[in-house]
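Inspection log for the structure reproduced underneath, given as structure tokens.
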Amino acid sequence: ALDDVRYLVEMGDTIIAKLKELGRFEWFEESCIDARLKVLERSGEREDPWRIKSSGKLCPEGLNYLRALWHWRDGEAKAWDRPTFMVCGNKQLISWCLDLCEDRTPRLPNHYRPGRRRRFEDAVASAKALAESKWPQRIKGKRSRRPKDFEAKLDALVSVRNAAAQKLAIDPSLIAPRAALEAIAGGQEDANQMLLNWQKNLLNLSESGG
């Protein structure tokens, strides 16, 4: 912590000076403002925070177990006053849910104390006792048809992006992630809003989405 105070301010000044030298300080400012606004625009907690990465591959039964075990982990972390990953990781939660769906007994870490093991078993039992009609369901994503010239448009965008990145000696994904380019090539509504002004300028995109 002392070294952070000792070195980071000076490092920050050095980085800002270099950005201004390269003519990229405005990019940095716009990126910071955008990141701040996105945080402020968050609408609080998600309705289903337990729908973690890879949960989409679980069937309703698995989702039922996941919801119960996510809340179990959250309770353990709060009681322990530690981050949730110190109780167990998301991949472990998914693995346990898959085990339960296959009638296999989840293998808990050896360092779990009896109380934590008991609360885990209680959470599983509670999920098993829940009526099937109350199990959470999979979220069906909306699939949109891609235009016939999608691949050609995407290739052109990728080519422009990569050429700009090579010229600037930066990673192409900093100019535009592939997901944003796919949205633009696919004619997705408001796709250009996925990019900042400096990114659009490097890609020769107009505000209208060209």
Side-chain angles (χ1 to χ4, degrees), residues 34-35 37-147 150-151 154 158 171-174 176-191 193-195:
D34 180 69
L37 290 175
K38 284 179 178 177
V39 171
L40 293 175
E41 289 170 358
R42 289 177 182 170
S43 57
E45 294 187 4
R46 290 167 45 202
E47 183 179 352
D48 296 333
W50 52 268
R51 290 186 185 270
I52 57 178
K53 184 178 180 181
S54 297
S55 63
K57 66 183 180 182
L58 295 175
C59 62
E61 181 185 11
L63 292 174
N64 181 46
Y65 285 124
L66 176 61
R67 181 173 59 185
L69 293 182
W70 187 94
H71 286 294
W72 160 80
R73 181 182 69 173
D74 194 51
E76 294 296 309
K78 288 178 180 177
W80 192 21
D81 194 24
R82 294 289 190 278
T84 55
F85 73 84
M86 293 188 69
V87 179
C88 70
N90 287 347
K91 288 184 179 180
Q92 184 63 78
L93 284 181
I94 297 293
S95 178
W96 284 336
C97 292
L98 292 172
D99 284 339
L100 289 165
C101 287
E102 295 295 328
D103 290 326
R104 294 190 297 265
T105 301
R107 296 182 62 182
L108 303 183
N110 293 330
H111 62 80
Y112 275 12
R113 294 183 177 181
R116 179 165 294 173
R117 290 174 177 271
R118 184 183 67 253
R119 289 187 291 272
F120 177 91
E121 292 168 358
D122 289 344
V124 171
S126 177
K128 285 184 176 180
L130 191 66
E132 188 172 339
S133 60
K134 294 184 179 180
W135 289 356
Q137 300 299 309
R138 285 173 168 167
I139 296 177
K140 295 181 179 180
K142 295 182 179 179
R143 293 186 178 181
S144 57
R145 289 187 177 182
R146 291 175 170 175
F150 171 80
E151 293 296 340
L154 179 60
V158 170
D171 190 281
S173 63
L174 292 176
R178 187 175 179 87
L181 298 183
E182 290 180 349
I184 294 170
Q188 182 177 315
E189 186 177 355
D190 299 329
Q193 293 184 12
M194 299 173 69
L195 300 176

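Heavy-atom basis, side chains included; hydrogens, waters and symmetry copies ignored.
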Worksheet item: Does a salt bridge link Asp48 with Arg51, judged by any charged N lying under 4.0 Å from a carboxylate O?
Response: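 The answer is yes: the pair qualifies as a salt bridge.
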Worksheet item: Is any side-chain N of the basic residue among Arg178 and Glu182 closer than 4.0 Å to the acidic one's carboxylate O?
Response: yes
Taking C-beta and beyond as the side chain, do [X] and [Y] meet within less than 4.5 Å on heavy atoms?
X      : Y      : result
Trp50  : Ser55  : no
Arg73  : Leu93  : yes
Leu100 : Thr105 : no
Asn64  : Glu61  : no
Trp135 : Leu63  : no
Pro60  : Pro136 : no
Leu154 : Ile184 : no

Worksheet item: Does the pair Leu58 and Leu98 meet the rule for a side chain to side chain contact (heavy atoms under 4.5 Å, CB included), with working shown?
Response: CA-CA 8 Å; Leu58 295 175; Leu98 292 172; 3.5 Å; yes
If you take all heavy atoms of [X] and [Y], which pair is closest and at what distance?
X      : Y      : value
Ala185 : Pro147 : O-CG, 3.7 Å
Asp99  : Pro106 : OD2-CA, 4.1 Å
Ala176 : Leu195 : CB-CD2, 3.8 Å
Met86  : Trp80  : O-CZ3, 3.5 Å

Hey, could you give me the [atom1]/[atom2] distance between [X] and [Y], rounded to the nearest 0.5 Å?
X      : Y      : atom1 : atom2 : value
Cys97  : Glu102 : SG    : CD    : 12.5 Å
Trp96  : Arg107 : CH2   : CZ    : 12.0 Å
Arg113 : Leu108 : CZ    : CG    : 15.5 Å
Ser126 : Arg119 : OG    : CZ    : 15.0 Å
Ile94  : Gln92  : CD1   : CD    : 10.5 Å

Worksheet item: Looking at Trp70, is Arg67 sitting on its ring face, NZ or CZ under 6.0 Å from the six-membered ring centre and within 45 degrees of the normal?
Response: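 Here Arg67 fails the 6.0 Å and 45° test against Trp70.
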Item to complete: Measure from NZ or CZ of Arg117 to the centre of the six-membered ring of Phe120 and say whether it is under 6.0 Å with the direction within 45° of the ring axis.
Response: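 Verdict for Phe120: no cation-pi partner in Arg117.
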Fill in: Lys128 backbone acceptor or donor facing Tyr65 side chain under 3.5 Å
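Absent.
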Worksheet item: side chain to side chain contact (heavy atoms under 4.5 Å, CB included) between Thr84 and Lys78: does it pass, once the steps are laid out?
Response: CA-CA 8 Å; Thr84 55; Lys78 288 178 180 177; over 6 Å; no
Fill in: Crowding at CZ, Arg104 (>12 non-hydrogen neighbours, <6.0 Å)
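More than 12 heavy atoms, drawn from other residues, nucleotides or ligands, come within 6.0 Å of this atom.
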